[in-house]
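Below is one structure, written out as C-alpha cells; the observations come after it.
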Protein chains: 2
Amino acid sequence: MKTYGQFCPLAQSTQLLCERWTLLIIREFIAGGQRFGDIQKGLPQISPSLLSSRLKLLSEAGVIEKTGIKTYQLTEAGLALRPVIELLGAWGHKWSRSNLGSSDLDAGLLMWDMRRSLDPAIFPKRTVIVQFEYFDAPKGSKDWWLVSSNGDVDLCLTDNDYDVDLLVKCSLKTMTAVWICEMTFNDAVKSKQIEVTGDKSLGKNLQEWLRTSPLSKLGTTETWPKLDWS
Amino acid sequence: MKTYGQFCPLAQSTQLLCERWTLLIIREFIAGGQRFGDIQKGLPQISPSLLSSRLKLLSEAGVIEKTGIKTYQLTEAGLALRPVIELLGAWGHKWSRSNLGSSDLDAGLLMWDMRRSLDPAIFPKRTVIVQFEYFDAPKGSKDWWLVSSNGDVDLCLTDNDYDVDLLVKCSLKTMTAVWICEMTFNDAVKSKQIEVTGDKSLGKNLQEWLRTSPLSKLGTTETWPKLDWS
DNA sequence: CTGCATCCGACGCGATACTG
DNA sequence: CAGTATCGCGTCGGATGCAG
C-alpha cells in the first residue's frame, strides 16, 4: 500500500481505501457477500490474485475479518464505511457525467444485482417466471430468467423450457437506465422502449418490483435514508 | 482514467475520484486553495505533472473549473464532495490504525496547516511571535515562527532575529498528535512532553488557539457538524 | 511562479495456470 | 470453490527541465 506521508486522517483513510477496486469490494460486503466467490461475482473484471491481496490488506487494516475457513465479514470499522459508500454512490448518481457508455453495461451484473435486490413478496407464492430479453446484449447473455418461488429468487441464463409468465423485451441500456432510476419502468413501457407480454395482472407489479433496488432510492430523495442492501 | 465497466454509481464516482491524490486535491480546494501552488503546498509529495493532469481530469469531469487565467475553484459538483471528504476523514481519524508512523510526520505540512487554521483573534492585536522548536525534525525544519499581527498569521522558517513572545519546545510527533487531537495540549504540557516558555498570559491561550483546526473537531464529536475549513 | 513535456523506473494490476 | 504463484505488460507517477 502506497502512503502519502501525511498525518491528515483523510490521507490515512484514502491511502487504504482509495486503491483500485477496494471500495467496490466493500460495497459487495455491504450488499451481503461473504465469500470470495460472492465478491468476484459482483466484480467480474477483478483478477483473483488482486482480490486476494485486497482481502488480505483489508483484514490487516481491520476492515474485514475472517469468520470461518472461507467466509469474511465487515468489522465494526468496515460497517462504519457504509455511509461513505452511500454518499459516494449518491454523488456518482447525481454528478457523474458518463451517462451509461455502452462499455459500462453488463447484463450479468445487472441481473445479478436484480436477483439479490428484488423483493419476492411482491409476487404470489406460487412460482412466477419472468424472462428478460436484451436484443442488444452480446451473444450468450441476451436471455435471462428470474424465477420467483416461495420467497426466493433464482437467476438462470439457460432456457430450461420454462413456462414463462412475463416476457420483458428491451435493450440492455434501457433496462439498466430503469434499474438505476434514470427513467421509470412505466414511462419506458409507454414510450415503447420496453415491451411486456404475458400475465397482465402480474405485469402491473413489475414497476413496483423493480423499485426495490438500493440504488433506486438514490434518484428519488435528495438526502437519502438508510438503504436496505441486504 | 481506468474504468470498471460497471453502471453502478459508486463505480462511476470511484473511478474518477479514487485515484491516487485526487481526494486530497479536493481537500485542498475545500481548505481554500485556488491556485496550482496552493494545492502543491498542501501536497508536497505530488509531482507537478501529475497535479496538472489531475486538474485537467477534474475539470473535464466538472468537479472544478477555471475562474481565471491561473485560478480554479470547485463547481457545485465539487462542493457536493465536501460531506464525502469529511466522512472519510472522520473514518480515518477513528479507525485508522497507523498511529502516526514517523514517515507520516511532516513539519512543513503541520505548520502550513496551522497557519491557515489558527484563529488570530485569540491573540491581542499587537504582533505576537510564537516559535516552535522540534528537536527531532530533520535539519532545516526544526525551527518555525508563527507571526500573528493585526488579524493575520504568517509562517517563517528562517530566524529573523525575532522578539519571541512564546517558545514551544517538543517533538514533532507530540505536536502532530496534539494537532490531530490524539492528546490535548494541556496534558502534553503537564506530562512534560511540551515545554512552553515566555509570556505566561499568552501561554494560557495556546490550548484554545490550537483547537481551531478543522481536524481538531473530529475527535470531540461523534457526528460531526459542518467544519469551518476556510 | 505556473503549467506542461519528456523520460524512465517501479509496481500496480491483469491474465493465466495451477494447487488443495 | 478458494485461493496462490508467476509473469509481463502498461501506466501511474516521480524527477527533471523548460517555456510562458
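In what follows, chains carry the letters A, B, and so on, assigned in the order in which the sequence lines appear, proteins first and then strands, with residues in each chain numbered from 1. For clarity, every value in this text was computed on a predicted model and none was experimentally measured. Both backbone and side-chain heavy atoms feed into the values below; hydrogens, waters and symmetry mates do not.
For Ala121(B), the side chain to side chain contact (heavy atoms under 4.5 Å, CB included) partners at least two apart in sequence or on another chain are Asp119(B). Remark: Ser49(A) engages Ser47(A) in a side chain to side chain contact (heavy atoms under 4.5 Å, CB included) (not counting sequence neighbours). Residues passing the salt bridge (charged side-chain N to carboxylate O under 4.0 Å, His left out) test with Asp165(A), sequence neighbours excluded: Arg126(A). Remark: Ala107(B) pairs with Tyr134(B), Ser141(B), Trp144(B), Leu172(B) by the side chain to side chain contact (heavy atoms under 4.5 Å, CB included) rule, at least two apart or across chains. Every side chain to side chain contact (heavy atoms under 4.5 Å, CB included) that Asp154(B) has, sequence neighbours left out, goes to Val147(B).
Rounded to whole angstrom, the span from the CG atom of Leu16(B) across to the C1' atom of dC12(D) amounts to 16 Å. The CZ-C1' distance, from Phe36(A) to dT19(C), rounds to 14 Å in whole Å. Separating the CD1 atom of Ile25(A) from the P atom of dG3(D) is a distance of 13 Å, rounded to the nearest angstrom. Atoms CG (Leu24(B)) and C1' (dG13(D)) sit 15 Å apart, rounded to a whole Å. The distance from atom CD of Gln40(B) to atom P of dC1(C) is 10 Å, rounded to the nearest whole Å. The CG-C1' distance, from Leu55(A) to dT4(D), rounds to 13 Å in whole Å. Between Met1(B) atom CE and dG10(D) atom C1' the separation is 17 Å, expressed in whole Å.
For Asn160(B), the CG atom is densely surrounded, since the number of other residues' heavy atoms within 6.0 Å is greater than 12. Dense packing is recorded around NZ of Lys66(B), with more than 12 heavy atoms of other residues, nucleotides or ligands lying under 6.0 Å away.
Each end of the helix from dG3(C)-dC18(D) to dG20(C)-dC1(D) gets its own rotation axis from five pairs of C1' atoms, and the angle between them is 40° to the nearest 10 degrees.
Under the ring-ring contact (aromatic ring centres under 6.0 Å, His included) criterion, the residue pairs touching residues 9-35 of chain A are Trp21(A)-Tyr4(B), with sequence neighbours excluded. Sequence neighbours left out, the pairs with a member in residues 12-21 of chain B that pass salt bridge (charged side-chain N to carboxylate O under 4.0 Å, His left out) are Glu19(B)-Arg54(B).
Residues from residues 56-69 of chain A that place a heavy atom under 4.0 Å from any atom of DNA chain C: there are none.
Taking only side-chain nitrogens and oxygens, Tyr72(B) never comes nearer than 4.0 Å to OP1 or OP2 of dT2(C). For dC1(D), neither phosphate oxygen OP1 nor OP2 lies less than 4.0 angstrom from any side-chain nitrogen or oxygen of Arg35(A).
The main-chain N or O of Ile180(A) is found under 3.5 Å from a side-chain atom of His93(A) such that the two form a donor-acceptor pair. Using a distance-only test at 3.5 Å, with no hydrogens or angles considered, no donor-acceptor pair links the side chain of Thr14(B) to the main chain of Cys18(B). Looking at Thr75(A), its side chain does come within 3.5 Å of a backbone N or O of Gly62(A) through a donor-acceptor pair.
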Atom pairs, protein N/O to nucleotides 18-20 of chain D N/O, distance under 3.5 Å:
none

Measure all distances between protein nitrogen or oxygen atoms and nitrogen or oxygen atoms of nucleotides 13-17 of chain C, and list the pairs falling under 3.5 Å.
residue : atom : partner  : partner atom : Å
dC13(C) : OP2  : Arg54(A) : NH2          : 2.3
dG14(C) : OP1  : Arg20(A) : NE           : 2.8
dG14(C) : OP1  : Arg20(A) : NH2          : 3.1
dG14(C) : OP1  : Trp21(A) : NE1          : 3.2
dG14(C) : OP2  : Trp21(A) : NE1          : 3.1
dA15(C) : N6   : Ser49(A) : OG           : 3.2

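A donor atom on one side chain and an acceptor atom on the other are found under 3.5 Å apart for Gln131(B) and Asp143(B).
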Identify every side-chain donor-acceptor pair in residues 30-44 of chain A under 3.5 Å, counting partners at least two apart or on other chains, and give the distances.
residue  : atom : partner  : partner atom : Å
Asp38(A) : OD2  : Gln34(A) : N            : 3.0
Asp38(A) : OD2  : Arg35(A) : N            : 2.9

